[in-house]
Amino acid sequence: MADFVNILTEEKNGVLYLTINREDKLNALNYATLEEIKSIFEEVADNKSIKAVIITGAGEKAFVAGADIREIADLNEVNARKFAENGQEIFAMIENCHKPVVAVTNGFALGGGCELAMACHIRVASANAKFGQPEVNLGIIPGYGGTQRLTHLIGRGKANELMMTGDMVDANEALRLGLVNHVLPTKAEAMAKAEDIVGKIMSKAPLAIGIIVDCVNAAFLPEENGYQTEANSFARCVKSGDYKEGTSAFLEKRKPVFKGE
Ligand code: COA
């Protein structure tokens, strides 16, 4: 993996750790950081040695405190649309990634930070995590898919309230709302929990994991019949060697060894 200016990457035991590293700006996402996320996810799709991704923010204070407000203070209608479409496209790459992507959120996950966490498949928070979509304070709205993903994750009423008030919720409230999957006391414990989860997922059939991503995402695509997607995808699974291995291993009372083929 190449070196990046705003992101630290480390690959360990098949897991790519992606740390947004602009601690003095509370890891705010400027354009350059978004482009780095994009090129990392292009590599994740192609690189066979990467089996899962964990995204976090540098330091204890913030996961990501939003899009970089300095860069969005002077938009016009044309480049504002491009700004939103570009962010949406990059976050869709995360959501559609065939390898599990887990966010470990520490401190502030605001605006684009909350949107980044929501684009991940699973979220694990530390107890000091705070979530919000405060764009309304700036006279704008979430633009990286937040109006859609927050509504999907926590329902219309609560999504309306959070986006219209700009209020933050703490980690336990986020857990209650279904915005995060787990809350652990510290960032280190949240990271260990995320590692447990990806470790478990990595022991399963990789093609089936990618297909689950497609099917779950199909549930949110109005143009797609998710049940048909599921049936077609189920049929795709049985063409794989992993299907033969999984069923044979069960019948032979041994652990399966999946190859992702
Ligand atoms: N974009 C650009 N810079 C940001 C930022 C953002 N979204 N969020 C924080 N920063 C910068 C601050 O400008 C400050 O930089 P400086 O030291 O050069 O002045 C630094 O990060 C530390 O932030 P600061 O505001 O001093 O910390 P705080 O503890 O007082 O407040 C927050 C923390 C998160 C409440 C506050 O930074 C904030 O409200 N940030 C904006 C959140 C937001 O609206 N996000 C959505 C953007 S669309």
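Just so you know, ligand 1 is whichever comes first in the structure, and atom 1 is the first atom listed for that ligand.
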Peer 1: Of all the non-hydrogen atoms in the protein, which one sits nearest to atom 12 (C) of ligand 1, and at what distance?
Peer 2: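 The closest heavy atom on the protein side is R70 NH2, 4.5 Å.
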Peer 1: Are the side chains of K25 and R70 in contact, using a 4.5 Å heavy-atom criterion?
Peer 2: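 When only atoms from C-beta onward are counted, K25 and R70 do touch, with a gap below 4.5 Å.
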Peer 1: For ligand 1, which atoms have a heavy atom of L110 less than 4.0 angstrom away?
Peer 2: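 Selected atoms, number and element: 34 (C), 42 (C).
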Peer 1: For atom 34 (C) of ligand 1, is the nearest protein heavy atom closer than 4.0 Å?
Peer 2: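 It does: a protein heavy atom is found less than 4.0 Å away from atom 34 (C) of ligand 1.
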Peer 1: Should N30 and T33 be marked as a side-chain hydrogen bond (donor to acceptor under 3.5 Å, both in side chains) after you check the CA-CA gap, both sets of side-chain angles, and the distance that decides it?
Peer 2: CA-CA 5 Å; N30 57 6; T33 308; 2.4 Å; yes
Peer 1: Show the atoms of ligand 1 that are less than 4.0 angstrom away from any heavy atom in K61.
Peer 2: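 Answer, ordered by atom number: 27 (O), 28 (P), 29 (O).
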Peer 1: Take atom 37 (O) of ligand 1 and look for protein heavy atoms under 4.0 Å from it; say yes if you find one, no if not.
Peer 2: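 For atom 37 (O) of ligand 1 the answer is yes, since some protein heavy atom falls inside 4.0 Å.
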Peer 1: Polar contacts were defined as any N/O atom of the residue lying under 3.5 Å from an N/O atom of the ligand; does this apply to E135 and ligand 1?
Peer 2: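 No: no nitrogen or oxygen of E135 is under 3.5 Å from one in ligand 1.
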Peer 1: I69 to ligand 1: N or O pair under 3.5 Å?
Peer 2: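 Yes: some nitrogen or oxygen of I69 is under 3.5 Å from one in ligand 1.
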Peer 1: Counting heavy atoms only, which part of D24 comes closer than 4.0 Å to ligand 1: side chain, backbone, both or neither?
Peer 2: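 Backbone only.
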Peer 1: Quick one: look up the protein heavy atom nearest atom 24 (P) of ligand 1 and list residue, atom name and how far away it is.
Peer 2: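 Here the closest protein heavy atom is L26 CD1, 4.5 Å.
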Peer 1: Any side-chain heavy atom of F63 sitting closer than 4.5 Å to one from I55?
Peer 2: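 Side-chain contact under 4.5 Å: yes.
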Peer 1: For a 4.5 angstrom cut-off between non-hydrogen side-chain atoms, does I37 reach F4?
Peer 2: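 When only atoms from C-beta onward are counted, F4 and I37 do not touch, as no gap falls below 4.5 Å.
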Peer 1: Can you figure out which of K25, R22, M168, E23 has its heavy atom closest to atom 16 (P) of ligand 1?
Peer 2: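 The option holding the nearest heavy atom is K25.
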Peer 1: Pull out every atom of ligand 1 sitting under 4.0 Å from any heavy atom of D68, numbered as shown with elements.
Peer 2: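 Heavy-atom distances to D68 below 4.0 Å select 1 (N), 2 (C).
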Peer 1: Return yes when at least one protein heavy atom is under 4.0 Å from atom 44 (O) of ligand 1, and no when none is.
Peer 2: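 Within 4.0 Å: yes, protein heavy atom nearby.
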Peer 1: Would you say E71 contacts ligand 1, with heavy atoms under 4.0 Å as the rule?
Peer 2: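 Judged by the 4.0 Å heavy-atom criterion, E71 does not count as contacting ligand 1.
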Peer 1: Given 3.5 Å as the limit, does a donor-acceptor pair link the side chain of K51 with the main chain of K48, or not?
Peer 2: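 Checking the backbone N and O of K48 against the side chain of K51, a donor-acceptor pair under 3.5 Å is found.
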Peer 1: Any idea which protein heavy atom is nearest atom 5 (C) of ligand 1, and the distance to it?
Peer 2: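 Of every protein heavy atom, A28 CB, 4.0 Å lies nearest to atom 5 (C) of ligand 1.
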Peer 1: Is K82 paired with E85 through a side-chain N to carboxylate O contact shorter than 4.0 Å?
Peer 2: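 No salt bridge links E85 with K82.
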Peer 1: Considering all protein heavy atoms, does one lie under 4.0 Å from atom 26 (O) of ligand 1?
Peer 2: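 No, because not a single protein heavy atom sits under 4.0 Å from atom 26 (O) of ligand 1.
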Peer 1: Do E89 and K38 make a side-chain contact, defined as non-hydrogen atoms from C-beta onward lying under 4.5 Å apart?
Peer 2: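 When only atoms from C-beta onward are counted, K38 and E89 do touch, with a gap below 4.5 Å.
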Peer 1: Would atom 31 (O) of ligand 1 count as contacted, meaning some protein heavy atom under 4.0 Å?
Peer 2: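 No.
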Peer 1: Is the closest side-chain heavy-atom distance between I94 and L116 below 4.5 Å?
Peer 2: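 Yes - at least one pair of side-chain heavy atoms lies under 4.5 Å apart.
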Peer 1: Heavy-atom contacts under 4.0 Å between A65 and ligand 1: side chain, backbone, both, or neither?
Peer 2: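 Both backbone and side chain.
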Peer 1: Closer than 4.0 Å and a protein heavy atom, does any atom meet both conditions relative to atom 2 (C) of ligand 1?
Peer 2: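 It does: a protein heavy atom is found less than 4.0 Å away from atom 2 (C) of ligand 1.
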Peer 1: Do the side chains of H121 and I212 get nearer than 4.5 Å, heavy atoms only?
Peer 2: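 I212 vs H121: side chains apart.
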Peer 1: Judged by modelled atom types alone, do S126 and N128 share a side-chain donor-acceptor pair under 3.5 Å?
Peer 2: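 Yes.
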Peer 1: Please lay out, stage by stage, how D214 and T229 fare under the test side-chain hydrogen bond (donor to acceptor under 3.5 Å, both in side chains).
Peer 2: CA-CA 8 Å; D214 292 343; T229 304; over 6 Å; no
Peer 1: I need the I90 CD1 to I40 CD1 distance, nearest 0.5 Å.
Peer 2: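 Between atom CD1 of I90 and atom CD1 of I40 there are 11.0 Å.
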Peer 1: Within a strict 4.5 Å, meaning less than it, do heavy atoms of the L179 and M118 side chains meet?
Peer 2: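 Yes. Closest side-chain heavy atoms under 4.5 Å.
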Peer 1: Nearest protein heavy atom to atom 7 (N) of ligand 1, by residue and atom, and its distance?
Peer 2: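 Residue, atom and distance for the closest contact: A67 O, 2.9 Å.
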Peer 1: So, does G112 sit close enough to ligand 1 that a heavy atom of it is under 4.0 Å from the ligand?
Peer 2: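 G112: no contact with ligand 1 (<4.0 Å).
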Peer 1: Could you tell me whether atom 18 (O) of ligand 1 has at least one protein heavy atom nearer than 4.0 Å?
Peer 2: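 Yes, there is one.
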